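The model shown is predicted, which means the values in this text are computed figures rather than measured ones.
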Amino acid sequence: QGRFEEAKALLVDILEVRKRAIGEEHPDSLGSMNNLANVYKDLGEFDKAATGYEKAISLAPDFAQAHRNLAAIREYEAGDPHLTQMENLWQRSSGSGRAELGFALATVEEKLGNFDKSFACLEEANKLRRAELGYRIEDDAALFARIRACEFERLPRNSGEPAGIRPIFIVGMMRSGTSLVEQILASHGSVYGGGELETLNRLIMPKLLDPAHPDRFSEDEIAALRSGYLEDLNSLDVRETVITDKMPLNFRWLGFILAAFPEARIVHVSRDPRATCWSIFKHFFADEGNPYAWDMREVAAYYGLYLELMAHWRHRFADRIHELSYEVLTHNQERETRSLLEYCDLEWDPACLEFHKTKRAVTTSSAAQVRKAMYTGSSEAWRHFEPYISTLLEALDARTSATD
């Protein structure tokens, strides 16, 4: 619910009560320890988060999730005891735990510049994760075809009762820079950063998965989508009247959004496809919302579906979508930020240039990056792994060429 300070206080109380009852820290508290450390991480308190993960590991040395979380926020030097500990555990681990450790080791080895070791761990970890899921790219291809076929009885520009809240939807592929863009907007005095809201997916997906539902959506259905979404925004109970929703995969629902919210703003963030897809492949997604992520060919195939759908939306709504390049933003921060705020009907706020100083919870895997000043070069990081990812690069080249 976004109530991080309350969550932190409750988790601290839970751990203190258990410690008093037992007389010492106990493995039964591992979940609460890890959750408390996660809250500290989300709030940008990385030292406290690291201490929490380390405490959990000291109680349960095979707690793979805590190892992975710690690896993501710490810096390392060669011979680091934590790296040695993970390597030893990796040798005797299996299943989901081994997959998480693989991602953790890959993160540390990349930080140390050991790209061959990093990729070897990633390759096996992704295979293990892929084996756990029954994913078929054909299912997503069918879903995207259904989306493109959707029509609405009326696509208004100004209809319905004016809402007290105005949403800004930040969309794009995962790992494309949507967290950075939300952090910039959330630094504005009139904007609340809502994070990755699941509302649209919950309201729209069941209808699309129902074969009996027609491709044409009625005015009543669009009105229900509007009211249901606004109800969720109102439940956030914040003072700001502009709220961002940075669920990247909302790019699938742009037609629905523009039908239900003629006042909405849509910011489409794009990034070098090689950087985007490589970042997806090397990232551990804890849930199953991105099941294509564990195989290079499937990552490229999904990226191709995304390109096709965005071309469809541009053809219909080009004047209503703000295109923002991650690379251009990092090279021309003030110019692009001013353009972004103007599109969003927001007055200039210099705090948006110092987004890294904004105190707010960030729950995505980019939590550490958005707390740093703007920097360039991250879209070139994939080049360290170029010798190992020809499968991805060739598949991406074929997909992007076909879309062009």
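Salt bridge status for R338 with E334: present, with a side-chain N to carboxylate O gap under 4.0 Å. A salt bridge links R68 and E100; the closest N-O separation between the charged side-chain nitrogens and carboxylate oxygens is under 4.0 Å. A salt bridge links E45 with K8; the closest basic N to acidic carboxylate O contact falls under 4.0 Å.
Within the model, atoms CG of L122 and CH2 of W294 stand 10.5 Å from one another, a figure rounded to the nearest 0.5 Å. Here CG of D349 is found 10.5 Å from CG of L185. Values are rounded to the nearest 0.5 Å. For the atom pair F63 CZ and N34 CG, the distance stands at 4.0 Å (nearest 0.5 Å). Here the CG-OG distance, from D345 to S190, works out to 11.5 Å after rounding to the nearest 0.5 Å. Distance check: R226 CZ to I257 CD1 gives 12.5 Å after rounding to the nearest 0.5 Å. Put simply, CG on L225 and CG on L230 are 9.0 Å apart, with the number rounded to the nearest 0.5 Å.
For the pair K246 (side chain) and G193 (backbone), a donor-acceptor distance under 3.5 Å is absent. Without hydrogens or angle criteria, S279 side chain to A275 main chain gives no donor-acceptor distance under 3.5 Å. Side chain of H67 to backbone of H82: no donor-acceptor contact under 3.5 angstrom is found. A donor-acceptor pair is defined here as one N or O able to donate and one able to accept, closer than 3.5 Å; no such pair exists between the side chain of T276 and the backbone of P273. Of the possible donor and acceptor atoms, one in the side chain of S218 sits under 3.5 Å from a partner among the backbone N and O of E221. When atom types are taken as modelled, the side chain of T241 and the backbone of I165 share no donor-acceptor pair closer than 3.5 angstrom. Side chain of R98 to main chain of W90: a donor-acceptor pair is present (N/O by atom type, distance under 3.5 Å, no hydrogens or angles). The closest donor-acceptor contact from the side chain of T107 to the backbone of F103 lies under 3.5 Å. Side chain of N126 to backbone of F281: a donor-acceptor contact under 3.5 angstrom is found. Judged by distance alone, the side chain of E336 and the main-chain N or O of L324 form no donor-acceptor pair under 3.5 Å.
Q85 approaches P61 most closely through the heavy-atom pair NE2-CB, 3.9 Å. Between P167 and F261 the shortest heavy-atom distance is CG-CD2, 4.1 Å. For the residue pair G95 and L128, the shortest heavy atom distance occurs at O-CD1, 4.2 Å. The shortest heavy-atom contact between A293 and I280 is CB-CG2, 3.6 Å. Nearest heavy atom pair, residue A300 against residue R399, reads O-CG, 3.5 Å. Between Y306 and S270 the shortest heavy-atom distance is OH-CB, 4.4 Å.
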Handout entry: Full working for side-chain contact (heavy atoms from CB on, under 4.5 Å) between L396 and M296
Key = CA-CA 9 Å; L396 261 182; M296 289 191 209; over 6 Å; no
Practice task
I would like to know whether L353 and W348 meet side-chain contact (heavy atoms from CB on, under 4.5 Å); could you show each step before the answer?
Solution key: CA-CA 10 Å; L353 293 180; W348 173 248; 3.7 Å; yes
Practice task
Mind running side-chain contact (heavy atoms from CB on, under 4.5 Å) on L236 and I243 for me, showing each step along the way?
Solution key: CA-CA 10 Å; L236 295 174; I243 298 179; 4.1 Å; yes
Exercise for the section: Take K207 and F256 through the test side-chain contact (heavy atoms from CB on, under 4.5 Å) and record every step on the way to the result. Expected result: CA-CA 12 Å; K207 297 182 183 298; F256 292 87; over 6 Å; no
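Remark: the E132 side chain and the S96 side chain contain an N/O donor-acceptor pair separated by less than 3.5 Å. Between T51 and Y40, the side chains place no donor N or O within less than 3.5 Å of an acceptor N or O (distance only, hydrogens not considered).
Aromatic rings from Y292 and Y303 are positioned such that their centres are separated by 6.0 Å or more. Ring to ring, F144 and Y302 are close: their centroids are under 6.0 angstrom apart.
Remark: K55 NZ is loosely packed, at most 12 non-hydrogen atoms of other residues, nucleotides or ligands lying under 6.0 Å away. Surrounding CG of D210 are more than 12 heavy atoms belonging to other residues, nucleotides or ligands, all under 6.0 Å away.
Under the 4.5 Å side-chain criterion, counting only non-hydrogen atoms from C-beta, K41 is in contact with I73. Between H283 and M174, the closest side-chain pair of non-hydrogen atoms is not below 4.5 Å. Within the 4.5 Å cutoff, the side chain of L305 has no heavy atoms near those of the L143 side chain. Looking only at side-chain heavy atoms (C-beta outward), R320 and I266 stay at 4.5 Å or farther from each other. R74 is listed as a side-chain neighbour of D80, based on a closest heavy-atom distance under 4.5 Å. In this structure the side chain of L180 reaches within 4.5 angstrom of the side chain of F355, judged on heavy atoms. When side chains are defined from C-beta on, R316 counts as touching H312, because their heavy atoms get closer than 4.5 Å. Contact of the L83 side chain with the E109 side chain is registered, since non-hydrogen atoms from C-beta on lie closer than 4.5 Å.
Ring geometry, Y343 versus H322: the interplanar angle falls under 30°, so the pair is classed parallel (tilted spans 30 to 60°).
Listed by first and then second residue, the salt bridge (charged side-chain N to carboxylate O under 4.0 Å, His left out) pairs involving residues 291-300 are R130-E298 (not counting sequence neighbours). For residues 227-241, the pairs satisfying salt bridge (charged side-chain N to carboxylate O under 4.0 Å, His left out) are R202-D232, with sequence neighbours left out.
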Enumerate, atom names and distances included, each donor-acceptor pair closer than 3.5 Å involving a side-chain atom of residues 381-395, sequence neighbours excluded.
{"residue": "W382", "atom": "NE1", "partner": "S379", "partner atom": "O", "Å": "3.2"}
{"residue": "R383", "atom": "NE", "partner": "E380", "partner atom": "OE1", "Å": "2.3"}
{"residue": "R383", "atom": "NH2", "partner": "E380", "partner atom": "OE1", "Å": "3.4"}

